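This report concerns only the one structure given below.
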Amino acid sequence: MKTSAGDIQFFNTLTREKEKFVPLEKGKAKMYTCGPTVYDFAHIGNFRAFLFEDLLRRWLEYRGFKVTQVMNLTDVDDRTIDAARKLGIPLEQHTAQFIQAFFEDINALNIEKAEHYPRATEHVPEMVALIKKLVEKGYAYRGEDGSIYYDISKFKDYGKLSKFKVTELKAGARVKVDEYEKAEARDFALWKAWDEGDGEVFWETDIGKGRPGWHIECSAMSMKYLGETLDVHTGGVDNMFPHHENEIAQSEAATGKKFVNYWLHNEHLLVEGKRMGKRFGNYYTLRDLIKLGYDPKAVRYLLLSTHYSQQFNFTFEGLEAAKNAIERLTNFMYRLLEADGKGGGEKIAALMNRVEKEFGEAMDDDLNISLALASLFEFVREVNSLLGNNMLSKEEARGVHSLMVGFDRVLGVVGEVQGEEKLPKEAEELIHRREEARRAKDWKTADQIRQQLAVMGIIIEDTPQGLKWRIEKGQNV
RNA sequence: GCUGGGGUGGCCGAACGGUUCAGGCGGCGGCCUGCAGAGCCGCUGUAUGUGGGUUCAAUUCCCAUCCCCAGCUCCA
């Protein structure tokens, strides 16, 4: 059975084909994952992207790769400046609270930490250096307004990611020619000369007073932390053009090297069939959902359970289903801890081999999570059946448990399942009284006590092997 | 207009030329249980937008057609 890395395939936007993942350096994966623009709370559509990136990261780790992930925090751009201006507070003060909120949210969603979270405002010198290089090489020019633009006609491969033809863009009806003073409408700003709208937000640099354009931060920061060429770059489909296209243009023009080997793009989240977006007002933040009583883990499961390249329609019905699916997995983990049966021998070993193989092959195939989950649930059902027949020894159950923990290191939805929990004294007392009541067939008292314990967050179950209890997690939500 | 992604059972979602078209959720019934919970088993009537074609065989390939969604200068 194959459990080693080497067979992972990704759908590469650059080639529009599934390709075997071959890293630059054996056993290592360098990824640049698009992060948030911190002008407001991120919504769950944003989190779909971050969850996809998390799944990708976790899968590479599962396959033994040492991952170096960079996630940028865009803390200076038109929107952050506008938002701070409207509130009349300094830019840093405005973005700080949303950076903090962002980390709280990804923590709640059990998203693994990236190695680096570079902020645009802290990398202006790197960006300026890159822009200077592009000017020197003749890829950029200064416009009449003092801003510096990238001349895409100089970059032969422009459009290779999004498959747009430059000439068509030029003639495109929606190009806003008035927006900037550009020699050609399709050129984009590398450096924006200060104007009144920027207020206090500007840097005095060799290339003038102003601020960086949007795209340059990703080129500069990925180079700084990952080198001139990286393995994987991810982001939402909306960023494919122009953002990622421009990143390629900037980076490859500056270095003369290929910027990214594998481009992965996640599709959008829809709400009631329409794209979720801040400009449409039909969005939920994670905080909204938590306020409504939903577990962030359910949100995680829901957003993860559909392949990243599919548009996904968010519904509360789906969220409910996700919650129940996690519960099934969690219950399974508890049952494993309690198992103490005769032993299933060959059967359980075969089941474990199969699920490990199927789960792995599915995930290797461009993170086919649906198929991976299918094999996982099938496994759960079959092992549950063995458990029901008391056919699983303590030893075997422990083996299954650690296998499941391994899967959950990828999925991140179950979390710690503790066997040895402490029961409050009064609860112990109540359980004792209930047992007595049951022995006396005083069902009314027994049910009353069970209800009382439930209010305390303690779940009681009567099984053929005797009474079982556990403390309900997430009572606070 | 140009460039992409889709249309699969009550809902969500795999598979993509061939054993019964996974799996989850929901519903119903059964087993177990004092009841409940968990779990297991069964069922959820001919599920692949429509019309053609290729093929021994199509959800899967081809053609046509309808519908939905997205991108097209700063929205993940």
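Remember, predicted model here, so these are calculated numbers, not experimental data. By convention in this document, chain letters (A, B, ...) are assigned in the order of the sequence lines, proteins followed by strands, and residues within each chain are numbered from 1.
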**OP:** Give a yes or no answer on whether the side chain of A:Asp408 reaches the backbone of A:Leu411 with a donor-acceptor pair at less than 3.5 Å.
**Re:**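 No, the answer is negative, given that no donor and acceptor are paired below the 3.5 Å cut-off.
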Original post:
Do side-chain atoms of A:Asn72 reach the backbone of A:Pro118 as a donor and acceptor pair under 3.5 angstrom?
Top reply: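 Checked: no pair found.
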For [X], answer base if it contacts any base atom (sugar-phosphate contacts may also be present), sugar-phosphate if it contacts only those atoms, and nothing otherwise; contact means non-hydrogen atoms under 4.0 Å.
| X | result |
| --- | --- |
| A:His215 | nothing |
| A:Gly235 | sugar-phosphate |
| A:Glu317 | sugar-phosphate |
| A:Asn246 | nothing |
| A:Phe312 | sugar-phosphate |
| A:Arg211 | nothing |
| A:Gln310 | sugar-phosphate |
| A:Ala374 | base |
| A:Asn324 | sugar-phosphate |

Under 3.5 Å, is there an N or O donor on one side and an acceptor on the other linking the side chain of [X] and the base of [N]?
| X | N | result |
| --- | --- | --- |
| A:Asn331 | B:rG37 | no |
| A:Arg438 | B:rG34 | yes |
| A:Arg335 | B:rA38 | no |
| A:Asn313 | B:rC12 | no |

Could you state the [atom1]-[atom2] distance from [X] to [N], rounded to the nearest angstrom?
| X | N | atom1 | atom2 | value |
| --- | --- | --- | --- | --- |
| A:Glu267 | B:rG13 | CD | C1' | 16 Å |
| A:Leu51 | B:rA76 | CG | P | 15 Å |
| A:Gln311 | B:rA76 | CD | C1' | 13 Å |
| A:Phe241 | B:rC2 | CZ | P | 18 Å |
| A:Met240 | B:rA76 | CE | P | 16 Å |
| A:Glu358 | B:rA15 | CD | C1' | 13 Å |
| A:Ile458 | B:rA36 | CD1 | P | 23 Å |

Side-chain N or O of [X] closer than 4.0 Å to phosphate OP1/OP2 of [N]:
| X | N | value |
| --- | --- | --- |
| A:Arg328 | B:rC40 | yes |
| A:Arg439 | B:rG34 | no |
| A:Arg16 | B:rG4 | no |
| A:Arg381 | B:rG23 | yes |
| A:Asn384 | B:rG39 | no |

Original post:
Salt bridge between A:Asp54 and A:Arg58, side-chain N to carboxylate O under 4.0 Å?
Top reply: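 A salt bridge is present here (some side-chain N lies under 4.0 Å from a carboxylate O).
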Original post:
Any Lys/Arg nitrogen of A:Asp151 or A:Lys154 sitting under 4.0 Å from an Asp/Glu carboxylate oxygen of the other?
Top reply: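 Between A:Lys154 and A:Asp151 there is a salt bridge, with a charged N closer than 4.0 Å to a carboxylate O.
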Which protein N or O atoms sit under 3.5 Å from an N or O of nucleotides 28-32 of chain B?
none

Original post:
Which whole number of Å gives the distance between the P atom of B:rG4 and that of B:rG9?
Top reply: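 Pairwise P distance, B:rG4 against B:rG9, rounds to 28 Å.
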Original post:
Which value, in whole Å, describes the distance between the C1' atoms of nucleotides B:rC32 and B:rU59?
Top reply: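 The answer is 40 Å between these two C1' atoms.
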Subject >> Heavy-atom side-chain proximity of A:Ile449 to A:Ile431 below 4.5 angstrom >> reply: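 No; the side chains remain at least 4.5 Å from each other.
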Subject >> Close side-chain approach of A:Asp366 to A:His307, heavy-atom, < 4.5 Å >> reply: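 A:Asp366 vs A:His307: side chains touch.
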Subject >> Output field: ring centroids A:Phe379/A:Phe359 closer than 6.0 Å >> reply: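 Ring centres of A:Phe359 and A:Phe379 not closer than 6.0 Å.
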Original post:
Within 45° of the ring axis of A:Phe202 and under 6.0 Å from its six-membered ring centre, is that where the NZ or CZ of A:Arg211 lies?
Top reply: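 Negative - A:Arg211 is either too far from the ring of A:Phe202 or too far off its axis.
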**OP:** Please state whether the rings of A:Phe10 and A:Tyr262 are parallel, tilted or perpendicular, taking 30° and 60° as the class boundaries.
**Re:**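 The arrangement is perpendicular - the two ring planes meet at more than 60°.
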